[in-house]
Amino acid sequence: MIKHLLHDNIREILSSLELSCEKDFTVEVPNNPENGDYSTNAAMILARENKAAPKKLAEKLAKELRRNKFYKSVEIAGPGFINFKISASLYQKMLWDLRKLGCDFGSSDYGQKEKVLLEFVSANPTGPLNIVSARAAAYGDTLYRIMKKVGFEPAREFYINDAGNQVDILAESLELRLRELHGENIGEFPYEAYHGEYVRHLAHKLNAAEGVRIFMLPEKERTERLKEFALNELLEMQRLSLERFDVIFEGWVSEKTLRAEGVVEEVLSYLTEADCTYEKEDAIWFSSTKFGDDKDRVLMKSDGSITYFVPDLAYHLTKIQRGYTKLIDVFGPDHHGYVPRLKAAFKALKYDEDMLEIIFLQQVNLFESGERVKMSKRAGKIVTMDDLVNVVGKDAARYFFIARKANAHLNFDLELALQQNNENPVYYCQYAHARICSILKKARKDKVYPRSFKKELTHKLNKPDELALIQKMTDLPELLELIAQHREPHRLATYTEELCGLFHRFYNKHQVVSAKNKELSQARLLLIESVKDVLAICLDLMGISAPEKM
RNA sequence: GCCCCAGUAGCUCAGGGGAUAGAGCAGCGGUUUCCUAAACCGUUGGUCGGAUGUUCGAAUCAUCCUUGGGGCGCCA
């Protein structure tokens, strides 16, 4: 709010002074409070294009800025910073304004209704979701919520790889476990097969439903039945895991369905028409090196089957056909080699490759008692997303995943996430919310809480701790826009902790409910109620609950 | 060998080219007749992996080096 206000004010003054303003300057909250409540580098950034010394330009701007009664002081410092001290009256006005907005505070039309498709998780339906999928779910969903809040039209989609090689292997694994269940000696379980215990569970369930009937089917039909059963079960399992994590997808797109619709042939013909396919060693290749990939890629294998790339590309093209102008894919750390061929295909088919944006999440390591938890997918020894959520809970899991920037490795300390004390940041934030609720309850009990608040009450708020809280709250709208723009939801976690820190400090220093000074009490109630609302907005955007009591 | 990501306090990590680089935890010392001590206050702690460059200004941008993690399939 205030940053935008200052930014606009400076721009107005620049244009009234007929000064050029091509480069974009910034308005920031300085690290050091001695440098004011807000600070701009405008004079330094614009010095060159206006052929003026930074300090002289700053002086010129400051002279005009000082006419605004909302600035307590406008000073020039260092190499040409303009530092603002904001009057209490502006903060008081801002508090009243943001209070009126209620849960719409922070909403904007920044995204201009751009249709954005967020694809994330998209795990193989061949087993339970792992912790990297959980990280992707938390990241993608939070980004979705924030983008929606600031005026984009985003949608979440899960691409189901329910066709191809891995699904065949899944069916084979299930058949072996089923035979084993019937007392057959299956020998050593194949290396490539799925070793997880869940395959045995599936076998039991299928056996209970169909018994030996399945073995009477001809081989082809039996395989189809096994595939269908396993896919349905596992997909439902994944969907439930995500639902428990409060992640709901607008769309689930099946690779099998896409194939049945004939899109594979379409994509092959597009690429052929674009003159970038060729035949070699009985396979059909995409000459992706022409478009920046480091090797050409197979489209159709020598056995006549199609590679993963073709239907996936087709899927991406359907996103464009459905009117999305920004396609954001959230990938795990093992897929970065895949991006050049996807980008190459966009170039080959003359689509703007900048529409496609890939975000990489780095790996997650679990730590317990200071030791890294070892996992092996091959041996079926993994900690699943459900395991994690069962142990630490949805709130802590989501918080820890969101709090790190996407492209950094994440060390997840299981014990820390479980601790219900000041070491655990998720409790620190939730506790602030609960604490406020508790004060409000007390105020109602003491009959200090008014039937309705009056704007004049805000004038009672002028202590530095009170104004600092208001200032922090007003930073949220600009922050949300930045987060959406740079796809950096982790900054919301940092912000939330800072806001809570200011509140806890305020709480320890100032009594809110006091019979001696009813008006001040009411003013402070108005303040902390707003803090509670802003906190609830932040927690909701992160998909974390805001408890009234802890 | 090639490609991607990371290296900031003892630990986990913030840090839109800007001022004296921050937070939490750990360590040390304090705070409760009072709205939740799941909190707060004080204090110790740094060659921002290294080098060069770009500029008025670099933890931030570029190049090289180094260490750690991941990826280089007619798997997905």
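- Nucleotides B/A76 and B/U67 place their P atoms 36 Å apart, quoted to the nearest Å.
- The interatomic distance linking A/N517 (CG) with B/C34 (P) rounds to 21 Å, in whole Å.
- Both cation-pi conditions hold for A/R435 and A/Y507: the charged atom is under 6.0 angstrom from the six-membered ring centre and inside a 45 degree cone around its axis.
- Look at B/C28: its Watson-Crick or wobble partner, with both distances under 3.5 angstrom, is B/G42.
- As rounded to whole Å, 11 Å separates atom C1' of B/G69 from atom CG of A/N411.
- Of the P atoms belonging to B/G17 and B/A58, the separation is 14 Å, rounded to the nearest Å.
- A straight line from CD of A/E497 to C1' of B/G15 spans 14 Å, rounded to a whole angstrom.
- Comparing the same atom, C1', in B/U33 and in B/C28 gives a spacing of 29 Å after rounding to whole Å.
- Remark: the separation of the P atoms in B/A9 and B/U60 is 15 Å, to the nearest Å.
- If you take atom P in B/C61 and the same atom in B/G45, they sit 30 Å apart, rounded to whole Å.
- At a threshold of 4.0 Å, the pair A/K319-A/D329 counts as salt-bridged, since one of the basic side-chain nitrogens sits closer than that to a carboxylate oxygen.
- For RNA chain B, the residues of residues 291-300 of chain A within the heavy-atom distance limit of 4.0 Å (strictly under) are A/K295, A/V298, sorted by number.
- A distance of 8.5 Å separates OG in A/S39 from CD1 in A/I82, rounded to the nearest 0.5 Å.
- The distance from atom CD1 of A/I439 to atom P of B/C34 is 15 Å, rounded to the nearest whole Å.
- Rounded to the nearest Å, the gap between the P atom of B/U47 and that of B/U8 is 12 Å.
- Residue contacts for A/N35: at a heavy-atom cut-off of 4.0 Å it reaches a base atom on one of the strands shown.
- Proximity of A/Y159 to A/W252: side-chain heavy atoms (C-beta onward) are nowhere separated by under 4.5 Å.
- With contacts defined as side-chain heavy-atom distances shorter than 4.5 Å, the pair A/F309/A/L299 qualifies.
- A/S254 places a side-chain N or O within donor-acceptor distance of the main-chain N or O of A/K256, the cut-off being under 3.5 Å.
- Rounded to whole angstrom, the span from the CG atom of A/D168 across to the C1' atom of B/C75 amounts to 12 Å.
- Minimum atom distance to the side chain of A/K442 is reached by B/C35, of the listed B/C35, B/C74, B/A19.
- The main-chain N or O of A/K472 is found under 3.5 Å from a side-chain atom of A/Y495 such that the two form a donor-acceptor pair.
- B/C2 and B/C64 have their P atoms separated by 11 Å, given to the nearest Å.
- Base engagement by A/N83 is indicated by at least one non-hydrogen atom pair under 4.0 Å involving a base atom.
- For B/C2, the paired base is B/G71 (Watson-Crick or G-U wobble, both distances below 3.5 Å).
- Ranked by how close their nearest RNA chain B nucleotide is to the 5' end, A/W285 and A/E548 are led by A/E548.
- Rounding to the nearest 0.5 Å gives a distance of 9.0 Å between CD of A/E548 and NZ of A/K441.
- Going from the C1' atom of B/U32 to that of B/C41 covers 14 Å, rounded to whole Å.
- With B/C35, B/A14, B/G69 as the choices, the nucleotide that has an atom nearest any side-chain atom of A/K405 turns out to be B/A14.
- B/U55 is unpaired under the Watson-Crick or G-U wobble criterion, no partner having all donor-acceptor distances under 3.5 Å.
- Under the Watson-Crick or G-U wobble criterion, with both distances below 3.5 Å, B/A76 has no partner in any strand shown.
- Computed from coordinates, the A/F331 CZ to B/A76 P distance equals 14 Å when rounded to whole Å.
- Using Watson-Crick or G-U wobble geometry with both donor-acceptor distances under 3.5 Å, B/A14 finds no partner in any strand shown.
- Within 4.0 Å (heavy atoms only), A/Q430 reaches no atom of the nucleic acid at all.
- In this structure, of B/G18, B/A6, B/C75, it is B/A6 that holds the atom nearest to the side chain of A/N407.
- Per the geometry, CG belonging to A/D395 stands 19 Å off P belonging to B/A38, to the nearest Å.
- Within 4.0 Å of A/H335, counting heavy atoms only, lies at least one base atom of the nucleic acid.
- In this pair, A/F503 and A/F506 present their aromatic rings tilted. The plane angle is within the 30 to 60° band.
- Without hydrogens or angle criteria, A/N41 side chain to A/M44 main chain gives no donor-acceptor distance under 3.5 Å.
- With both pairing distances under 3.5 Å, B/U60 is matched to nothing as a Watson-Crick or G-U wobble pair.
- Protein atom CZ of A/R491 is 15 Å distant from nucleotide atom C1' of B/C13, rounded to whole Å.
- Closest to the A/Y338 side chain, of the nucleotides B/C5, B/A76, B/A14, is B/A76.
- B/U12 takes the anti form, because its glycosidic angle lies more than 90° either side of 0.
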